[in-house]
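Since the structure comes first, as structure tokens, the remarks are kept for the end.
All chains are named by letter (A, B, ...) in the order of the sequence lines, taking the proteins before the strands, and each is independently numbered beginning at 1. Owing to the predicted nature of the structure, the values given are computational and were not obtained by experimental measurement.
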Protein chains: 4
Amino acid sequence: MIIIDYKDRRPIYEQVAERLEELILKGVLEPGSQLPSVRNLAVELSINPNTIQRAYMELERRRFIYSVKGKGSFIADNENLIDIKKEEVLETLTDVIKEAKEIGISKEQIIDKVSEGYR
Amino acid sequence: MIIIDYKDRRPIYEQVAERLEELILKGVLEPGSQLPSVRNLAVELSINPNTIQRAYMELERRRFIYSVKGKGSFIADNENLIDIKKEEVLETLTDVIKEAKEIGISKEQIIDKVSEGYR
Amino acid sequence: MIIIDYKDRRPIYEQVAERLEELILKGVLEPGSQLPSVRNLAVELSINPNTIQRAYMELERRRFIYSVKGKGSFIADNENLIDIKKEEVLETLTDVIKEAKEIGISKEQIIDKVSEGYR
Amino acid sequence: MIIIDYKDRRPIYEQVAERLEELILKGVLEPGSQLPSVRNLAVELSINPNTIQRAYMELERRRFIYSVKGKGSFIADNENLIDIKKEEVLETLTDVIKEAKEIGISKEQIIDKVSEGYR
DNA sequence: GTGGTCTAGACCACA
DNA sequence: GTGGTCTAGACCACA
């Protein structure tokens, strides 16, 4: 399920976090359900527990999961999981649009790209 | 002209490259003209020559500048400097739109953001 | 009556202790009356008996409850239950005021906050 | 300058961060100046570099310091260092006042404590 | 068993 | 040299 690309320049913990995020957003990992323990996932992926924990910390910071000492880590159970992500993407979008405008890309050109993407 | 923000988490070479790009795109640094030597710019900014070198490499990779051994570095002289940048931004835009679609953001929501940005 | 918030970063035993304290201070659990047994409360809340034990220990340390071997745990029957709590809060307040003073917050600023809180 | 109390239940990284914060707020470590490197401080305190880094990360999150890859870590140079702290303390104060009110401590009692503290 | 902290030490990106 | 990431593995708090 989770594949680490060692050629990728991004750190492993980031790759793991991103992949888990994807599985969460797609519903493969269900809201409220328990994630594999730090140790188990570490063994499964053949990477260090510390690295997994770092990934979990990142997802916790973004409110996708939460960890309970002595119990384990869990997918956030609010239904708004997807909203957290939408917010993040819309923010990125706003930034890109701003930059596009600044360098002289016309509104029409952007609309075209949007139409293309939603074709 | 070039101000480095050490509080910025991005590496210094990236900041230098970005700032030079900006000066190039705005025409402050004219197409075909010579850039300051790595050594001189390093002294001027009080940073390591390696860092400038790295910034120049980055701009060369993106075709904004080119280097001539023994002579120095020069702003690309094709008139389409701005087009290189537009291409890059449109590519980023395409990526973001794709992601937005995937997580269920509607076309209308995006169009709204675009209209907002171009108001 | 006792709801555990797993998203809360504090340990479960602390949450249980705090909630029991609240029920005691509000008089829902009456002075002198018996608390549910560690085992029963554990079953009721679906958490580990060790966790309840730990919560009871904490409340005992703070003199809100006392345990009798072979009989169970009881709410302290002195009438000044609330005074124990007041003492604790006033002590915390003293600490915060001290720190506020040290970093240059004026007496007036604090008085303002107090007035705000009691408005 | 920095003394670690191994009997203290708080993690070492937190103790280090708190102590550094103190030195920063008191002006012992001057705004804009460089902190000891992660490695050097680790050797000096006989603790692991990772632990120091964790402390630095914490201070960076709270904007007291910033780190530059390849250069080092620095005290934030905005003059508002103390304001960051004041904000934090006033927030704590607000919380304590709220709790005090809830358990029936009178406004006068609090004002008394304030006067005591500022005597 | 589970997450949190820590050590000892390696290697990389960057300056 | 400096911070950032990672490994291998230990011990603690908590459940």
Interface residues of residues 42-52 of chain C with DNA chain F (non-hydrogen, below 4.0 angstrom): C:Asn48, C:Thr51

Whole-Å distance separating the CZ atom of D:Phe74 from the C1' atom of E:dA15: 11 Å

Rounded distance (Å) that lies between atom C1' of F:dC6 and atom OH of A:Tyr56: 18 Å

Minimum-distance pair of heavy atoms, taken over all atoms of C:Ile4 and C:Ile12: CD1-CG2, 3.9 Å

Interatomic spacing from CZ in D:Phe64 to OH in D:Tyr56 - rounded to 0.5 Å: 15.0 Å

Value in whole Å for how far the C1' atom of F:dG4 lies from CZ of D:Arg61: 19 Å

Under 3.5 Å on both distances, the Watson-Crick or G-U partner of F:dA10: E:dT5

Spacing of B:Gln15 atom CD relative to E:dA15 atom C1', expressed in whole Å: 13 Å

Donor-acceptor pair present, D:Arg39 side chain and F:dG1 base, under 3.5 Å: no

Rounded distance (Å) that lies between atom C1' of E:dA8 and atom CD1 of D:Ile12: 14 Å

Atom pair distance, as rounded to whole Å: NZ in A:Lys7 and C1' in E:dC12: 18 Å

5' priority, DNA chain E, between A:Gln34 and D:Tyr6 [closest heavy atom]: A:Gln34

Out of E:dG3, F:dC6, E:dT2, whichever nucleotide has its closest atom nearest the side chain of A:Gln53: E:dG3

Sidechain-backbone polar pair: D:Glu14 side chain, D:Glu58 backbone, donor-acceptor under 3.5 Å: no

Distance, rounded to the nearest Å, where B:Arg54 contributes CZ and E:dC12 contributes C1': 11 Å

Side-chain N,O (D:Ser73) to OP1/OP2 (F:dG3) below 4.0 Å: yes

Donor-acceptor pair, side chain of C:Glu21 and main chain of C:Lys85, under 3.5 angstrom: no

Shortest non-hydrogen contact from D:Arg63 toward D:Ala76: O-CB, 3.5 Å

Expected output: side-chain D:Gln34 to main-chain D:Lys71 donor-acceptor under 3.5 Å: yes

Nearest-angstrom distance from the residue atom OH of A:Tyr13 to P of F:dC6: 7 Å

Between CD on residue C:Glu18 and CG on residue C:Leu59, distance to nearest 0.5 Å: 10.5 Å

Earlier contact from the 5' end, DNA chain F, for D:Arg9 and A:Arg10: A:Arg10

